[in-house]
Amino acid sequence: MPKPYVIIVSAASVDGRIASKTGYSRLSCPPFDLKKLHEVRASVDAIMVGANTIINDDPTLTPRYVKAVRNPIRVVIDGKLRIPLTAKVVTNKEAPTIIVTTEQADHSKITQLMNMGVEVWVMGKERVNLKDVLERLFTEKGVKKVLVEGGGHLNWELIKEGLVDEIRLTISPYVFGGAGTSFIEGEGYPTTMEGPRLRLKSVNVCECGQEVIINYVVERCCSSI
């Protein structure tokens, strides 16, 4: 299947949490690591997030900390069309937005979003088909590279489907505990044999001296794929 190159970029606490039990998720140091994230945003054709990221953080998803030739397409995976009409990805027109949902979505809300200039794709009966989404982005929108700033559930679904090519994880000097949100939220694998094979590409210490940036390339998809 033709698809874009998919990179998951995330920051996690030392215990592997990307958010606390209250949803707090500001882990990257603004001067350096956050700027690196925006550099990646400026280098890709699309940014993909899940509905919870929009609902909890309301990001603009544009490369504000660096100069970009153009803003990437914002792609929101929202199977039940839960994001509010007031979300920045809807009201902010600096970049185009595609919301991908399912047949379970409220049709009147789809119409409202389209009237507000948002493109809505219905792809799946009850769950969004991520393979088809990536293929459509590649063939219809010319998207060659996708940055995923997803929550744990979107990260898991992409990894489970064998759709991820690279993982860039920043380990921040914090601890959230077991009630927080994991970098990967899903049923998981019983052993290391079932999951993807990762090859360490690089390890760097952030300029702040407090964070470690780990870059893995996915060499083998999951055995179940």
Side-chain angles (χ1 to χ4, degrees), residues 1-19 25 27-28 33 36-37 39-41 43-53 61 72-73 75-79 100 102 123-124 126-139 141 143-172 176 178 180-206 211-225:
M1 145 189 130
K3 77 170 188 66
Y5 189 85
V6 176
I7 309 168
I8 291 180
V9 176
S10 189
S13 62
V14 295
D15 54 344
R17 306 296 171 178
I18 59 175
S25 60
L27 291 169
S28 298
D33 191 52
K36 287 186 180 71
L37 171 62
E39 287 173 349
V40 179
R41 284 184 179 180
S43 72
V44 300
D45 304 303
I47 301 172
M48 180 180 289
V49 299
N52 285 338
T53 296
L61 297 180
I73 300 169
V75 181
V76 182
I77 307 300
D78 187 0
V100 187
T102 67
M123 303 190 70
E126 296 181 355
R127 296 177 66 85
V128 171
N129 189 316
L130 293 172
K131 287 183 181 180
D132 289 348
V133 173
L134 289 171
E135 184 175 5
R136 187 170 176 182
L137 286 172
F138 185 89
T139 56
K141 299 297 182 179
V143 171
K144 300 296 190 297
K145 188 178 290 187
V146 174
L147 163 63
V148 178
E149 295 184 39
H153 292 289
L154 179 59
N155 290 344
W156 164 253
E157 291 298 326
L158 288 165
I159 288 173
K160 181 181 70 173
E161 294 294 326
L163 300 172
V164 179
D165 298 285
E166 192 173 336
I167 297 172
R168 301 179 188 176
L169 182 63
T170 296
I171 305 300
S172 299
F176 279 150
T181 301
S182 174
F183 169 61
I184 302 293
E185 293 275 331
E187 60 265 34
Y189 302 108
T191 73
T192 57
M193 298 302 295
E194 287 78 17
R197 179 74 65 187
L198 307 180
R199 174 174 57 84
L200 184 63
K201 184 177 180 181
S202 64
V203 179
N204 295 289
V205 177
C206 179
E211 299 180 345
V212 178
I213 304 162
I214 307 171
N215 192 358
Y216 283 101
V217 173
V218 181
E219 289 193 328
R220 176 175 64 81
C221 292
C222 315
S223 60
S224 59
I225 300 302

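Heavy atoms only: backbone and side chains are in, while hydrogens, waters and symmetry mates are out.
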- Query: Can you tell me how far the CD atom of Glu161 sits from the CG atom of Leu130, to the nearest 0.5 Å?
  - Reply: 7.0 Å

- Is Lys201 close enough and on-axis enough to Tyr216, meaning under 6.0 Å and within 45°, for cation-pi? no

- Message: Restricting to side chain to side chain donor-acceptor pair (under 3.5 Å), what partner residues turn up for Lys141, sequence neighbours left out?
- Response: Glu119

- Task: Quick one: pull up CG in Leu147 and CG in Leu37 and give me the separation to the nearest 0.5 Å.
- Result: 6.0 Å

- Query: Quick check: does any side chain N or O of Thr102 sit under 3.5 Å from a backbone N or O of Gly79, one acting as donor and the other as acceptor?
  - Reply: yes

- Message: Is the shortest side-chain heavy-atom distance between Arg168 and Val9 below 4.5 Å?
- Response: yes

- Note on the structure: Closest heavy-atom pair, Glu166 versus Val218, reported as atoms and distance to 0.1 Å, is N-CG2, 4.1 Å

- Begin from the C-alpha positions of Val100 and Arg136 and carry the test side-chain contact (heavy atoms from CB on, under 4.5 Å) through to its verdict. CA-CA 11 Å; Val100 187; Arg136 187 170 176 182; over 6 Å; no

- Ion pair check, Asp165 and Lys145, cut-off under 4.0 Å: no

- If you measure from CG on Leu61 to CE on Met48, what distance do you get to the nearest 0.5 Å? 12.0 Å

- Query: Quick one: does Glu194's side chain have a donor or acceptor within less than 3.5 Å of a partner on Thr191's backbone?
  - Reply: yes

- Query: Would you say the side chain of Arg17 lies within less than 4.5 Å of the side chain of Leu27, judging by non-hydrogen atoms?
  - Reply: no

- All heavy atoms of Ser28 vs all of Asp33, minimum pair found to be OG-OD2, 2.7 Å

- Note on the structure: For Pro4 and Phe138 the tightest heavy-atom approach is N-CD1, 3.8 Å

- Closest non-hydrogen atom pair between Ala11 and Ser172, with its separation: CB-OG, 4.3 Å

- Item | Approximate separation, where rounding is to 0.5 Å, of Ile18 CD1 and Thr170 OG1 | 12.5 Å

- Show your reasoning for whether side-chain contact (heavy atoms from CB on, under 4.5 Å) applies to Val128 and Glu157. CA-CA 10 Å; Val128 171; Glu157 291 298 326; over 6 Å; no

- Message: Quick check against the 3.5 Å criterion: does Asp15 have a side-chain atom that pairs as donor or acceptor with the backbone of Phe176?
- Response: yes

- Within-4.5 Å side-chain heavy-atom neighbours: Ile213 and Lys36: yes

- What's the spacing between Ile167 CD1 and Leu200 CG if we round to 0.5 Å? 11.5 Å

- Message: Restricting to side chain to side chain donor-acceptor pair (under 3.5 Å), what partner residues turn up for Glu185, sequence neighbours left out?
- Response: none

- Message: Could you measure the distance from the CG atom of Leu169 to the CG atom of Asn155? Nearest 0.5 Å is fine.
- Response: 9.5 Å

- Query: Hey, are the side chains of Val217 and Leu198 touching, using non-hydrogen atoms and a 4.5 Å cut-off?
  - Reply: no

- Message: Between Ile159 and Tyr189, is there a side-chain heavy-atom distance shorter than 4.5 Å?
- Response: yes

- Distance-only, no hydrogens or angles: does the Asp45 side chain make a donor-acceptor pair with backbone N or O of Lys144 under 3.5 Å? yes

- State, with a plain yes or no, whether a side-chain heavy atom of Thr53 is found less than 4.5 Å away from one of Glu149. no

